[in-house]
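Have a look at the structure below before the remarks.
Because the structure is a prediction, the values reported are computed rather than measured. Note on naming: letters A, B, ... go to the chains in the order of the sequence lines (proteins, then strands), and numbering restarts at 1 for each one.
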Amino acid sequence: MRLFDKLDRFDPNRFVRFRSSLHDERVATYLGIGLGVSFFVCFGTGLISHVIQYPPSWYAWPSRPAGFYRISQGLHVASGLFALPLLFAKLWTVFPKLFEWPPVRNVAHMLERASLPPLIGGAFFMLLTGLANIFQWYPFRFFFPSAHYAMAWVTIGALIVHIGAKWSIASRSLRAPLDGSGDDVQGSVFTRRAFLGSMLGIGGIVTAFTIGQSFSPLGRLALLAPRRPGVGPQGLPVNATAVGAGVVDAATSSDYRLVVQAGTAVPLSFTLDELRALPQRSAELPIACVEGWSASAMWTGVPVRDLLRMAGAADGAVAQVESLEENGLYGKSQLNRHHAADPDTLLALQLNGEPLHLDHGYPCRLIGPNRPGVLQTKWVQRLVVL
Amino acid sequence: MMRPVEKSETPEYRWYSYVLFATGAAVGIFGVWTLVRDPAGNNPDYSAITAFGFNIGHDVIVAPLISLVGLAVARVIPLRARGPVTFGLLASAMTLFVAIIPLRRYGANADNPSVHPINYATSVPTVLAVVWVISAVWLLFSYRRQAPTL
């Protein structure tokens, strides 16, 4: 652009010098590939969770494989944590580009640069609000799931634009022969290879010390994680407590009844002892949270499909489970035809052979395969066929 | 071949670049629409300012700070030790960055001991110790590889 040629005396590169060999196209390309893969994994796994919680009318999320949701959300958080050091490294590597002169060279270049604030701001927004969320810290003035979801689309859109803009440069830099420049042959300075290895190593360290929250065999290594699989009432973490949900009195009352209603038929009503007297089934199922933590346990209770049949519901019925927690965001959840018919979808009364702890949903809670923790409704009082 | 990022030529845009521009723009516009259609939940102005603030915060504070630390390392640390020391500093900074929330007990809930279940005041130094052990091993190898031979 001619205007900028005339303004050469304002070129910031006259005053700023970046000498490090790490501000290099090939380094930026490798970091960009790592970040791109992490962000697309994060986006895809986040989208899975969103679709399960807000399903379109034409789609019913399957109940099998039982542990798929657990793996997907463990991956969601792990890829986000892994991306954090890569993001800082990538931005530092391309920091000299901030002072690029002229700042725009043509219309397409201008559009490419315009996509950077949403990309960088969105990337930080996603990773930092996600980090706060896994520790259950909400200092921001928006509803986290909703804003995180919207900003994910903004960020991934900007990332797609960025890939379009950088594809040819990235391909060229990967094809260019290595001549060893920037790599100290004596192996003693912070070479490009050592820098990239270090960034992968740092991402690996952060991941290794947190992944135990979703991968139980590494639970003891979870030194930076917000959760540990074995810590919580009855050895299992919880998100909402009975005190926090305000259900202690109702859940422990001798007046407790589970009501099962199908259409206009007379509703069935069960005391806790009557529920215990029904045929029971046990299943080992994970509680898996969108925050990445998960843990398996042995649950025992009454299969939901048995209760629906007793109430006269037709095969393939869709049902709603309602909690004693009336004001919570997750006081109700729906069971689509797959989940309602799955023999392992239980209204559980026991956890690992003991009556449920109050914080795990005593007297009775929903537990089903391949479902987010927020949809495993606790303190259930009604099961309604829709 | 080394090619400093600031010396990059004007990018060559091919046909697929324009396809990706259009796709990305459509996806991004959907995101903006999703953001603004729920003003009560998303607080769009605040969300946008927060995201833009992260941009500015990085460019004005974080990146210059990292560059200054890099300069200091280059001046103070002997050549052979720069790699391991830089790794140790960056890994420590990232560990503390991730751990600052539980260390400050943000989000902790006295009602629910399964959130923040670890004593982070001891677990975080343990992770830092692992980081510096890795740095020390790297340093050792770096010096051994450079040892003069007879």
Toward chain B, the part of [X] with a non-hydrogen atom under 4.5 Å:
X        : answer
A:Phe144 : neither
A:Pro145 : neither
A:Leu131 : both
A:Leu128 : side chain
A:Phe209 : side chain
A:Ala132 : both

Is there a donor-acceptor contact under 3.5 Å from the side chain of B:Asn43 to the main chain of A:Phe142? no

Is a side-chain N or O of A:Ser146 found less than 3.5 angstrom from the main chain of B:Gly41, in a donor-acceptor match? no

Chain A interface, residue from [options] that has the most non-hydrogen pairs under 4.5 Å:
options                              : value
B:Val130, B:Leu35, B:Ile118          : B:Ile118
B:Ile134, B:Leu90, B:Thr95, B:Leu103 : B:Leu90
B:Val36, B:Val27, B:Thr122           : B:Val27
B:Ala93, B:Ala26, B:Ala91            : B:Ala91
B:Asn112, B:Thr34, B:Leu71, B:Asn119 : B:Asn112
B:Pro113, B:Gly28, B:Gly70           : B:Gly28

Grab the two heavy atoms, one from [X] and one from [Y], that are nearest each other, plus how far apart they are.
X        : Y        : result
B:Pro117 : A:Ala225 : CD-O, 4.5 Å
A:Ala108 : B:Tyr18  : CB-OH, 4.2 Å
A:Gly164 : B:Ser17  : O-OG, 2.9 Å

Indicate yes or no: at least one non-hydrogen side-chain atom of [X] is less than 4.5 angstrom from one of [Y].
X        : Y        : value
B:Val32  : A:Trp153 : no
B:Arg14  : A:Trp167 : no
B:Leu20  : A:Val161 : no
B:Val124 : A:Leu223 : no
A:Arg227 : B:Val115 : yes
A:Phe125 : B:Ser47  : yes
A:His109 : B:Tyr13  : yes

Chain B: which of [options] shares the most heavy-atom pairs with it under 4.5 Å?
options                      : value
A:Val27, A:Ile160, A:Thr210  : A:Ile160
A:Pro233, A:Gly244, A:Gly121 : A:Gly121
A:Ile205, A:Leu221, A:Val238 : A:Val238

Residue-level interface, residues 196-204 of chain A with chain B, non-hydrogen cut-off under 4.5 Å: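 Answer by number: A:Ser198, A:Met199, A:Ile202.
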
N/O donor to acceptor pairs below 3.5 angstrom from side-chain atoms of residues 48-68 of chain B, sequence neighbours left out:
residue : atom : partner  : partner atom : Å
B:Thr50 : OG1  : B:Tyr46  : O            : 2.6
B:Asn55 : ND2  : A:Pro117 : O            : 2.8
B:Ser67 : OG   : A:Trp92  : NE1          : 3.1
B:Ser67 : OG   : B:Ala63  : O            : 3.1

Does any backbone or side-chain atom of B:Asp111 lie under 4.5 Å from a heavy atom of chain A? Answer side chain, backbone, both or neither. both

So for B:Tyr120, is it side chain, backbone, both, or neither that comes closer than 4.5 Å to the heavy atoms of chain A?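 Contact with chain A is through the side chain of B:Tyr120 alone.
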
Distance from [X] atom [atom1] to [Y] atom [atom2], nearest 0.5 Å?
X        : Y        : atom1 : atom2 : value
B:Asn42  : A:Arg141 : CG    : CZ    : 14.0 Å
B:Ser114 : A:Gln234 : OG    : CD    : 12.5 Å
A:Leu81  : B:Met94  : CG    : CE    : 10.0 Å
A:Trp137 : B:Arg104 : CH2   : CZ    : 9.5 Å

B:Arg37 atom CZ: more than 12 heavy-atom contacts under 6.0 Å: yes

Could you tell me if the ring centre of A:Phe195 sits under 6.0 Å from that of B:Phe87? no

